[in-house]
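What follows is a single structure, written as structure tokens, with notes after it.
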Amino acid sequence: MTNDLGERVRPAVADDVPAVRDVTDAAYRPYIERIGVVPQPMEADHAADVAAGKVFVTGEPVVGLVVVEAFPDHLFLDSVAVRPDAHGQGVGRLLLRFVDAHARALGLGEVRLYTNALMWENQQIYPRYGYEVVERRVEGPYDRIHYRRRLA
């Protein structure tokens, strides 16, 4: 899948792990002070996620990525990360469209995700892409809003 600039989304490989870490850290670092804890994607084992085929990246160098995991009845979107200097360039839109296409290719009719309740920017973005709120739940130090998108 490519965007208007011809950029494609591809599976991450071992050589991408440093970029995956850097993009994730750059995307989530601004939230540390606001939410009072390190966002969970920053603490992920990026090498293990890449090795497991869960990470897909876009850009050369990498400017955005998603981390997904397939379950029997849905695709879980664990993380979307876009370098702050790439905001407004359609990277997030490309990645979210990829996630939908990936779920369909796996025969899954739903995508699920959650975001921290204090990441209010995300609460404005996800509904624009067809995600609906399922519930709000506190899990350890994280106050999360859970979303789903049913695919046609």
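Heads up: numbering here begins at 1 and tracks the sequence.
- Atom-to-atom distance recorded for L118:CG and I35:CD1 is 7.0 Å, nearest 0.5 angstrom.
- In this structure, CG on L65 lies 11.5 Å from CZ on F98, to the nearest 0.5 angstrom.
- Nearest heavy atom pair, residue V17 against residue A47, reads CG2-CA, 3.8 Å.
- Shortest non-hydrogen contact noted between L151 and A103 is CD1-CB, 3.6 Å.
- Among residues two or more places apart in sequence or in another chain, the side-chain contact (heavy atoms from CB on, under 4.5 Å) test is passed with R137 by E135, E139, H146.
- Of the inter-residue distances, the one linking L106 atom CG with L75 atom CG reads 6.5 Å to the nearest 0.5 angstrom.
- Grouping the Ile, Leu, Val, Met, Phe, Trp and Tyr side chains by contacts below 4.5 angstrom, directly or via other members, places V66 with V63.
- Residue pairs satisfying the salt bridge (charged side-chain N to carboxylate O under 4.0 Å, His left out) criterion with at least one member in residues 110-125, sequence neighbours excluded, are listed as follows: R34-E121, D73-R112, E110-R112, E110-R150.
- Looking at heavy atoms from C-beta onward, L77 lies in side-chain contact with Y131 at the 4.5 angstrom threshold.
- Heavy atoms only, all atoms of each residue included: A70 and L108 are closest at CB-CD1, 4.2 Å.
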Audit row: R97, Y129, side-chain contact (heavy atoms from CB on, under 4.5 Å) steps and yes/no: CA-CA 9 Å; R97 284 196 321 243; Y129 289 93; 5.7 Å; no
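- At distances below 3.5 Å, not a single donor-acceptor pair connects side-chain atoms of R21 with backbone N or O atoms of H46.
- For Q123, the side-chain contact (heavy atoms from CB on, under 4.5 Å) partners are T115, W120, I145, Y147, not counting sequence neighbours.
- Taking the six-membered ring for Trp and the full ring otherwise, Y126 and Y114 have centroids separated by 6.0 Å or more.
- Scanning for side-chain hydrogen bond (donor to acceptor under 3.5 Å, both in side chains) contacts around R10 gives D16, E60, with sequence neighbours left out.
- Shown here for A12 and V57, the closest heavy-atom pair between the two residues is CB-CG1, 3.9 Å.
- Atom CZ of F56 is separated from atom CG of L95 by 11.0 Å, given to the nearest 0.5 angstrom.
- Closest approach of G130 and R149 over heavy atoms only: CA-NH1, 3.7 Å.
- Remark: D78 engages no residue in a side-chain hydrogen bond (donor to acceptor under 3.5 Å, both in side chains) (not counting sequence neighbours).
- Closest heavy-atom contact between H74 and F76: CD2-N, 3.8 Å.
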Tabulate below the donor-acceptor pairs under 3.5 Å that side-chain atoms of residues 23-32 make, not counting sequence neighbours, or state none.
from: T24; atom 1: OG1; to: V20; atom 2: O; distance (Å): 2.8
from: Y28; atom 1: OH; to: S79; atom 2: OG; distance (Å): 2.9
from: Y28; atom 1: OH; to: V80; atom 2: O; distance (Å): 3.2

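- The same ILVMFWY cluster, assembled from side-chain heavy atoms under 4.5 Å apart, contains both L113 and L94.
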